[in-house]
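Values reported hereafter were calculated over all heavy atoms of this structure, with side chains retained and with hydrogens, waters and symmetry mates removed. This one's a predicted model, so the numbers in the text were calculated from it and none came from an experiment. Remember, it's 1-based here, ligands and their atoms both numbered in the order they're listed.
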Amino acid sequence: MSLPPHVRLVEVGPRDGLQNEAQPISVADKVQLVDALSAAGLDYIEVGSFVSPKWVPQMAGSADVFAQIQRKPGVTYGALAPNMRGFEDALAAGVKEVAVFAAASEAFSQRNINCSISESLERFVPIMDAAKQHGVTVRGYVSCVLGCPYEGEVAPEQVAVVARELYSMGCYEVSLGDTIGTGTAGATRRMFEVVSAHVPRDKLAGHFHDTYGQALANIYASLLEGIAVFDSSIAGLGGCPYAKGASGNVASEDVLYLLNGLGVETGIDMERLILAGQQICSVLGRPTGSRVAKARYPG
Ligand code: HMG
Ligand code: MG
């Protein structure tokens, strides 16, 4: 199969990247990050989450971040919403796209959102209805598609069942998450082969954490499967608070370098992207997790 000519990067750094940070990060610093990312040409930025602040304290200021970002035309500013309370808060904050998140493993579902997979899917139904009524689009996530921190192996057929449910209830796209980054290129291809028998490939996205250093290989494997949307995180920030040891998503800068080398169009400016990464890393007082940014600006 030939490579897709254009790929969309969904920048999840402000949400998936920062949700795991223990140190307080000000609203102003989050706003600066989101604005720097839109200036780099990203047209999808996941800004925050409307989840319980007891579960994920870092996302508590998401409404304030939404109130202060410079909304650039053509850019989607998304947020996670696990239940109706989250959806209503997102709506009040002027959010036009939310993401609901389920898991392919029961144990992870319990630890992450305190309910079973089927209960989570039931909770999403009223969100879908309300979203439709308010003209809000909904993206879906499935976690643990290539392994679970509590259950180990996860069958691609189980991923397909959950992805199909999300798609058939109205998610316009379903992002398949290798939450703990244990997946390999071979497992990635098999998983997309199985899932795409139930959800069209152009409605699927890949979300790879880089814990085992396999994310870029897995993205290339996904491209060969005809997948053209990938989630990535500026400077490789992040991890999931309910998946111990999970590192950040693959760094956006590194995915862009891969895609530029393949001649795949993204509309993203590398230098501005690196700058956005440098700014947030200086806020966090931490070196970048992007190999490309490190190589371009050593020391
Ligand atoms: P729960 O405790 O079962 O909820 O949490 P509840 O309905 O029993 O309510 C308990 C309390 O939470 C109540 O407050 C509610 O008002 C409040 P109290 O009466 O005790 O003061 N509450 C809320 N507050 C704010 N916003 C809300 C909300 N809902 C209830 N939306 C819940 C269930 C889903 C809320 C909780 O488990 C939760 O917030 N989990 C968040 C998990 C999370 O954000 N995980 C990280 C994101 S997922 C991820 O990273 C994976 C991904 O990147 C893909 C991949 O890598 O695989 C997407
Ligand atoms: Mg994630």
| query | In this structure, which one of Asp16, Val250, Val229, Val145 forms a side chain to side chain contact (heavy atoms under 4.5 Å, CB included) with His207? | reply | Asp16
| query | Do NZ/NE/NH1/NH2 and the carboxylate oxygens of Glu225 and Arg201 come within less than 4.0 Å? | reply | yes
| query | Given Ser109, Ser143, Ser233, Gly177, which one has a non-hydrogen atom that is nearest to atom 54 (C) of ligand 1? | reply | Ser143
| said: Within ligand 1, which atoms have a heavy atom of Thr179 less than 4.0 Å away? | reply: 55 (C), 56 (O), 57 (O)
| message | Using a 4.0 Å cut-off to any heavy atom of Asp16, which atoms of ligand 1 qualify? | response | 50 (O), 53 (O)
| Geometric class of the Phe208/Phe192 ring pair [parallel <30°, tilted 30-60°, perpendicular >60°] | perpendicular
| Does Arg123 reach ligand 1 with a nitrogen or oxygen that is under 3.5 Å from one of the ligand's nitrogen or oxygen atoms? | no
| request: May I ask you to identify, for Pro82, whether its side chain, its backbone, both or neither come under 4.0 Å of ligand 1 on a heavy-atom basis? | output: side chain
| Which pair of heavy atoms, one from Glu265 and one from Gly267, lies closest together, and at what distance? | OE2-N, 3.2 Å
| In terms of hydrophobic clustering (I, L, V, M, F, W, Y; side-chain heavy atoms under 4.5 Å; direct or indirect links), are Leu275 and Met270 co-clustered? | no
| said: Show the atoms of ligand 1 that are less than 4.0 angstrom away from any heavy atom in Asn112. | reply: 37 (O), 40 (N), 41 (C), 42 (C), 43 (C), 45 (N), 46 (C), 48 (S)
| message | Pairing donors with acceptors under 3.5 angstrom, does anything connect the side chains of Ser290 and Asp254? | response | yes
| Of all the atoms in ligand 1, which lie at a distance below 4.0 Å from a heavy atom belonging to Leu80? | 47 (C)
| field | Element-labelled atoms of ligand 1 that are located less than 4.0 Å from some non-hydrogen atom of Lys54 | value | 18 (P), 20 (O), 21 (O)
| message | Whether Asp231 and Arg139 form a salt bridge (side-chain N of Lys/Arg under 4.0 Å from carboxylate O of Asp/Glu) is what I want to check. | response | yes
| request: For the residue pair Pro14 and Lys30, establish whether any side-chain heavy-atom pair is separated by less than 4.5 Å. | output: no
| said: Side chain, backbone, both or neither: which applies to Gln110 and ligand 1 if a contact is any heavy-atom pair less than 4.0 Å apart? | reply: neither
| Numbering as shown, the atoms of ligand 1 that approach Phe50 to under 4.0 Å (heavy-atom distance) | 26 (N), 27 (C), 31 (N)
| Can you tell if the side chain of Leu223 reaches within under 4.5 Å of the side chain of Val7, non-hydrogen atoms only? | yes
| field | 2.8 Å cut-off met by an N, O or S atom of Asp231 to the Mg ion (ligand 2) | value | no
| query | Between the side chains of Gln214 and Thr184, is a donor N or O closer than 3.5 angstrom to an acceptor N or O? | reply | no
| said: Do Val194 and Val159 land in one hydrophobic cluster if side-chain heavy atoms of ILVMFWY residues count as linked below 4.5 Å? | reply: no
| field | Tyr141 six-ring centre to Arg15 NZ/CZ under 6.0 Å and within 45° of normal | value | yes
| query | Between Val145, Asp89, Asn114, which one has a non-hydrogen atom sitting closest to atom 3 (O) of ligand 1? | reply | Asn114
| field | Contact atoms of ligand 1, heavy-atom distance to Gly86 under 4.0 Å | value | 31 (N)
| Does ligand 1 have a heavy atom under 4.0 Å from the side chain of Asn83, from its backbone, from both, or from neither? | side chain
| query | Side chain, backbone, both or neither: which part of Asn249 comes within less than 4.0 Å of ligand 1 when only heavy atoms are counted? | reply | neither
| task | Run down the list Phe208, Phe108, Trp55 and name the one with the heavy atom closest to atom 36 (C) of ligand 1. | result | Trp55
| query | Which is closest to atom 23 (C) of ligand 1 in terms of heavy atoms, Arg85, His207, Arg111? | reply | Arg85
| NE2 (His207) to the Mg ion (ligand 2) to OD2 (Asp16): angle, nearest 10 degrees? | 90°
| field | Row check, Tyr150 ring normal vs Arg111 NZ/CZ: under 6.0 Å, within 45° | value | yes
| ligand 1-proximal atoms of Val56, by part, heavy-atom distance under 4.0 Å | side chain
| task | Decide yes or no for Asp178 and Met191: does some side-chain heavy atom of the first lie under 4.5 Å from some side-chain heavy atom of the second? | result | no
| request: Check each heavy atom of Met59 against ligand 1 and say whether those closer than 4.0 Å belong to the side chain, the backbone, both or neither. | output: neither
| Given that the side chain starts at C-beta and the backbone is N, CA, C, O, which of these parts of Ser175 lies under 4.0 Å from ligand 1, counting heavy atoms, or is it both or neither? | neither
| said: For the 3.5 Å polar cut-off, considering only N or O atoms, please tell me whether Phe101 and ligand 1 meet it. | reply: no
| task | Show which atoms of ligand 1 fall inside a sub-4.0 Å distance from at least one heavy-atom site of Pro53. | result | 24 (N), 25 (C)
| field | Closest approach to the Mg ion (ligand 2) by His209, given as the N, O or S atom name | value | NE2
